[in-house]
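Remarks on the structure that follows.
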Number of protein chains: 2
Amino acid sequence: MTVTIYDVAREAGVSMATVSRVVNNNPNVKPATRKKVYEAIERLGYRPNAVARGLASKRTTTVGVVIPDISNSIFAEVARGIEDIANMYHYNIILCNADKKKDKEIRVVNTLLEKQVDGLLFMGGAVTEDHLQAFKTTNVPVVLCATSDENEQIPSVDINHEEAAYDAVMKLIQNGHKRIAMISGTLQDPANGYARFQGYKRALQENGLSYDESLVRIGNYRYESGVEAMKYFIALDERPTAVFSATDEMAIGAIHCIQDSDLQVPGDISVISVDNSRMASMVRPQLTAVAQPMYDIGAVSMRLLTKLMKKEHVEQYKVTLPHEIVMRQSVGGA
Amino acid sequence: MTVTIYDVAREAGVSMATVSRVVNNNPNVKPATRKKVYEAIERLGYRPNAVARGLASKRTTTVGVVIPDISNSIFAEVARGIEDIANMYHYNIILCNADKKKDKEIRVVNTLLEKQVDGLLFMGGAVTEDHLQAFKTTNVPVVLCATSDENEQIPSVDINHEEAAYDAVMKLIQNGHKRIAMISGTLQDPANGYARFQGYKRALQENGLSYDESLVRIGNYRYESGVEAMKYFIALDERPTAVFSATDEMAIGAIHCIQDSDLQVPGDISVISVDNSRMASMVRPQLTAVAQPMYDIGAVSMRLLTKLMKKEHVEQYKVTLPHEIVMRQSVGGA
DNA sequence: CTGTTAGCGCATTCAT
DNA sequence: ATGAATGCGCTAACAG
């Protein structure tokens, strides 16, 4: 039924080894025999079996990527960066959604390892001791992507979330705002949550602005939670003149909530966020945001992984990509 | 170095076959021996090698999915549906972006087949004779996902794009509009382009409205092309009172273009589209759209594929999922 | 219920 | 430059 390397060998009148050589582009084959083999391959419709090859060579040319949620545009963008570079280096990717759930993350890491991936790209929530444990059961290189562990034991590529948040809030402060609210993600989330919250606090503190607990709401990254948070802020006796949102989507919710309360953005309340997803420029007013280079984070982390897999020298195991503030229309003076 | 089934067998004092049985949950193992084996596995830190298993059993429990672009939110949503169901049936997915480019599509299909995937989910542009040819070189089941071939030779799940477009335009007509423009995708794209355009024309025709070529612009599915198209329509001597966009993103571009021209949506011009992505409810006015059940398309196609892979009986090889119109704020009377 | 024996399709020594 | 032989780690008959 299935045609194997053996069939090709017989058809071409050579040995299996020779067929294997031409299929793998080994230069040690006389052009004439190479030609014969190619013809036999063509005639028989031979297709190499990558599974057999993987077993024999112990390399599968596939990498595992665990991602929180591919339907989230931010991560989808990262995934595209990953796949483009993977493709460039002839790797395929097995994609697993793990929703930042620790159990699921560890489970998929294990099945990925069972599948003998040559490398692992991990995008998740907090990296716990159990994660490290799971990574340590294997020799395959792992790189954290848009994720980092505080101990910095694992190679990673990400932006500096604390600084990104800091920069966003600074922009508000520079515009004269003194009463600045924040719509945060859960503080359990190291990057999108905790770090951005820390950046917010530091910016306030360094500028002599007092931290007011009632000016912080925790959202779930979704549009609706942005409007809920904003409703709360607007109902305050002394409402903020600006709000910093941990993500675009919540920021957009906030903007619409402000508008629905017959207030103006940025006239009455300024809004800034970090992400800069495609949506940022697709709302009115267009959203001012600190841009995370999601595609690049994916691409760079995959590139790093290829080096690790080939045991090439890498000079930097923890790479922090630059972020930048994209001024649009949602921030004005106090 | 790596611990194999053989090591476990020795450690547990049983044969390889028995270890294989417990690992595969074969009921024909005495509980006591099963326990012994589990303990040995634990002690040795044994992890099954899925590649070896794949070679021996000729099943890899992985399916290939070729997708146009994972960073497009519409497809990302489908992908999530696919992965959720795949996961439920213990399959993993290898994801390949092919950008609706025929060459790339055929190339990735072949590498996926080399990797011995148990099934293939194909999401692409037009399904050509060459595609069919590629599919035919193998026994692994293929299902087209959000894609269909005119000959209906391959199982598929999708919505009826022609009808979806028809319904959208009908809604406009029922609201009294007579001068209705369309922002279409390229007519080379069978589903998003050609079929939707046909639906538009049929709706006009069935209602005695003449088709006017100057009322149709071809976009590239992006926001910017929506604003370009709309600019053109607004500059017309007799501008349309409503526009039907083939996708949400172009529709949003159109809305903003209208607003920037000091016109109102839907006061001056109504806008409707098909897609109903998350963005539809995140713009003002909120976009009225025909909803494609993207997640379901992914989930159902994966479910269908599992049946095909298990050679189970399937009663319907071509499934057309229902679409529905979601009334929001962008459509008003003529 | 358990063990023995063959391969699965290929890469990779080691010879020649 | 080419061939013969071995084994990668596991499943799947087949026996018993």
Side-chain angles (χ1 to χ4, degrees), chain A residues 1-38 40-41 44-62 90 111 113-118 138-140, chain B residues 1-38 40-41 44-62 90 111 113-118 138-140:
Chain A
M1 192 63 231
T2 75
V3 19
T4 76
I5 204 175
Y6 180 76
D7 301 318
V8 176
R10 206 158 30 79
E11 175 81 9
V14 299
S15 72
M16 287 171 52
T18 299
V19 177
S20 177
R21 286 190 187 96
V22 341
V23 169
N24 291 294
N25 277 315
N26 183 319
N28 289 355
V29 179
K30 199 162 37 170
T33 43
R34 183 182 301 277
K35 184 158 175 295
K36 275 197 307 188
V37 173
Y38 275 134
I41 286 175
L44 267 39
Y46 167 71
R47 177 166 18 227
N49 180 326
V51 171
R53 180 181 296 187
L55 183 59
S57 68
K58 296 175 170 303
R59 297 184 58 250
T60 55
T61 63
T62 107
H90 304 292
T111 89
L113 259 16
E114 288 185 6
K115 298 233 170 176
Q116 311 299 117
V117 293
D118 293 338
T138 171
N139 293 320
V140 323
Chain B
M1 192 65 229
T2 75
V3 19
T4 76
I5 204 175
Y6 180 76
D7 301 318
V8 176
R10 205 157 31 79
E11 174 82 10
V14 299
S15 73
M16 288 170 49
T18 300
V19 178
S20 176
R21 286 192 187 95
V22 341
V23 170
N24 291 295
N25 279 315
N26 184 318
N28 289 355
V29 179
K30 197 163 38 169
T33 41
R34 182 182 300 275
K35 184 156 174 295
K36 274 197 307 187
V37 172
Y38 274 133
I41 286 176
L44 268 38
Y46 167 72
R47 175 166 20 226
N49 181 326
V51 171
R53 180 182 295 186
L55 183 59
S57 68
K58 295 173 170 306
R59 298 183 56 250
T60 55
T61 63
T62 105
H90 303 293
T111 90
L113 258 18
E114 287 185 6
K115 298 234 169 177
Q116 311 299 120
V117 293
D118 294 338
T138 171
N139 292 321
V140 324

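Chain letters run A, B, ... following the sequence lines, proteins first, then strands; residues in each count from 1.
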Which residues in residues 24-38 of chain B have at least one heavy atom lying under 4.0 Å from any atom of DNA chain D?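 Per residue number, the list reads B:Asn24.
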In Å and rounded to the nearest 0.5 Å, what is the [atom1] to [atom2] distance from [X] to [Y]?
X       : Y        : atom1 : atom2 : answer
A:Leu44 : A:Ile5   : CG    : CD1   : 12.5 Å
B:Lys58 : B:Gln116 : NZ    : CD    : 8.0 Å
A:Lys30 : A:Thr18  : NZ    : OG1   : 10.5 Å

Atom [atom1] of [X] and atom [atom2] of [N]: how far apart are they, to the nearest Å?
X        : N     : atom1 : atom2 : answer
B:Lys115 : C:dC8 : NZ    : P     : 23 Å
A:Tyr6   : C:dG7 : OH    : P     : 13 Å
B:Met16  : C:dC8 : CE    : P     : 16 Å
A:Arg10  : C:dG9 : CZ    : C1'   : 15 Å
B:Arg53  : C:dG7 : CZ    : C1'   : 18 Å
A:Arg21  : C:dG9 : CZ    : P     : 21 Å
B:Leu55  : C:dC8 : CG    : P     : 9 Å

Hey, is the side chain of [X] poking within less than 4.0 Å of OP1 or OP2 on [N], counting only N and O atoms?
X       : N      : value
A:Ser57 : C:dT12 : no
B:Ser15 : C:dT4  : no
A:Thr4  : C:dG9  : no
B:Lys58 : C:dG7  : no

Walking along DNA chain D from 5' to 3', note the first and the last nucleotide with an atom under 4.0 Å from a heavy atom of chain A, and give both.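 Listing 5' to 3', DNA chain D meets chain A from D:dA1 to D:dG9.
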A:Tyr38 and A:Val22: CA distance, side-chain angles, deciding distance, side-chain contact (heavy atoms from CB on, under 4.5 Å) verdict: CA-CA 8 Å; A:Tyr38 275 134; A:Val22 341; 4.2 Å; yes
For a quick check of understanding: with a heavy-atom distance under 4.0 Å over all strands, which category does B:Val14 fall into, base, sugar-phosphate or nothing?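 Sugar-phosphate contact only.
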Answer with base, sugar-phosphate or nothing: what part of the nucleic acid does A:Ser20 contact at a heavy-atom distance below 4.0 Å?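 Base, at least one base heavy atom under 4.0 Å.
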Reference residue B:Lys115; test side-chain hydrogen bond (donor to acceptor under 3.5 Å, both in side chains); the match among A:Thr62, A:Thr60, A:Thr61, A:Asn49: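 That would be A:Thr61.
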Look only at the side chain of B:Ser20 and the backbone of B:Met16, and say whether a donor-acceptor pair between them is shorter than 3.5 Å.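 Here the side-chain-to-backbone pair does not exist.
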Side chain A:Asn24, main chain A:Asn26, donor-acceptor under 3.5 Å: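 Checked: no pair found.
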Would you check, one step at a time, whether the test side-chain contact (heavy atoms from CB on, under 4.5 Å) holds for B:Thr138 with A:Arg47? CA-CA 10 Å; B:Thr138 171; A:Arg47 177 166 18 227; 4.1 Å; yes
Please report the C-alpha distance between B:Val23 and B:Ile41 in whole Å, then the side-chain angles of each, then the deciding distance to 0.1 Å, and finally whether the side-chain contact (heavy atoms from CB on, under 4.5 Å) criterion is met. CA-CA 9 Å; B:Val23 170; B:Ile41 286 176; 4.1 Å; yes
